[in-house]
Amino acid sequence: MPAAAATAAAAIATASVTSPDGSTVATSVAAGTTAASSKANSNNSPASSGRHQLRPVKYDYADSFACTYVVSVVAASIAELATYPLDLTKTRLQIQGEAASVATASKTNMQYRGMVATAFGIVREEGALRLWQGVTPALYRHVVYSGVRICSYDLMRKEFTQNGTQALPVWKSALCGVTAGAVAQWLASPADLVKVQIQMEGRRRLMGEAPRVHGAAHAFREIVNRGGIKGLWKGSIPNVQRAALVNLGDLTTYDTIKHLIMHRLQMPDCHTVHVLASICAGFVAAIMGTPADVVKTRIMNQPTDELGRGLLYRGSVDCLRQTVGKEGFVALYKGFLPCWIRMAPWSLTFWLSFEQIRKMIGASSY
């Protein structure tokens, strides 16, 4: 029996070897078994497990809060220097007609001119460099304003979406834009107040009035001496209202239009998309922000008594009522053209600079 069993086993083995189908199957099964065993051993090896599981995660500093803050301040400074003459022209136009009842007695000193005539008048009467009068506190303002608004909007956007990778619904984007703009402007109001007062000094000298301030530091001290620390936030309410509306137009429009163009037109995140989105953002921001900007400028520029209280307006509502009552509703859009002409290139310069700098340092698209 043992001999017969051995003979039968040998025959079966011989048959399996000599049979083409049998040999192919046997070889494939053996090879498959060997490969599976080798793969299992390699996956369970300590060296391979350590290579895949113990590798440290690299932190991307280009997308960090601090880096985003610095990039936004740099981009805003570039845009401010490039478009500041338009801001000065806009401010001069908005002040014309201020408190018409007070100015009636000295109406001969008032000059109602358009945007181009105002700009050329400043160059002719005060010098070309006066177009950048007050740019220093304007840059100080952006150290706070632009950094806070961009970073806070980005943080809120990430809270509403999956780490900011999806497009926000319009109402959520609007809520983020209004909140970011209001908080940023409230923190930056002192620098904005100093900027507005310095911008108007050239006009005061031409009208034969004594200068109120001689520089940013002097303006800061005078404001504190007259109204205390609280005086630095004179006009902050209309200022915050304006910033909320402007950022509702700027941040919300840019974010929404950018994603809309990319998804509907299947375009990549490129300069063309940035240009189109920034132009739309500047236009909407100018429409929504100009009325509040007129009220803000007039309140900030009005003279004050010893207690720091305004002599022309009791507040933003009173300023709005007087402006519409004495000059008409159109007065709320006085300076709209230079405002829009400034906001369009400002938004274009800012967003192009912001996106390009982020791309250069390896950060993700905003």
### Positive for side-chain contact (heavy atoms from CB on, under 4.5 Å) with Val273, one of Leu265, Leu260, Ile257, Ile261
Ile261
### Query
Are side-chain heavy atoms of Val70 and Cys67 found at a separation under 4.5 Å?
no
### Message
Does atom CZ (Arg314) have a neighbourhood of more than 12 heavy atoms from anything else shown, all under 6.0 Å?
### Response
no
#### Entry: Shortest non-hydrogen contact from Thr290 toward Tyr333
CG2-CA, 3.8 Å
### Message
Listing request: all salt bridge (charged side-chain N to carboxylate O under 4.0 Å, His left out) pairs with a residue in residues 243-255, at least two apart in sequence or in separate chains.
### Response
Arg149-Asp250, Arg157-Asp255
#### Entry: Contact summary for Ala119 and Thr89, nearest pair of heavy atoms
CB-OG1, 3.9 Å
### Query
Are Tyr153 and Ser173 close enough, and set up right, to give a side chain to side chain donor-acceptor pair (under 3.5 Å), and what steps lead you there?
CA-CA 9 Å; Tyr153 182 84; Ser173 181; 2.8 Å; yes
#### Entry: Electrostatic pair Glu80-Arg141, nearest N-O below 4.0 angstrom
no
### Query
Which atoms form the tightest heavy-atom contact between Ala184 and Val144, and what is the distance?
O-CG1, 4.5 Å
#### Entry: Closest heavy-atom pair and its distance - Lys334, Val294
O-CG2, 3.7 Å
### Task
Before accepting this row, confirm whether a basic side-chain N of the pair Lys258/Glu355 lies closer than 4.0 Å to the acidic partner's carboxylate O.
yes
### Message
Students often mix this up, so state it plainly: with edges at 30° and 60°, are the rings of His274 and Tyr254 parallel, tilted or perpendicular?
### Response
tilted
### Query
Does a salt bridge link Arg298 with Glu327, judged by any charged N lying under 4.0 Å from a carboxylate O?
yes
### Message
Counting only heavy atoms not in Tyr366 (residues, nucleotides, ligands), do more than 12 fall under 6.0 Å from its OH?
### Response
yes
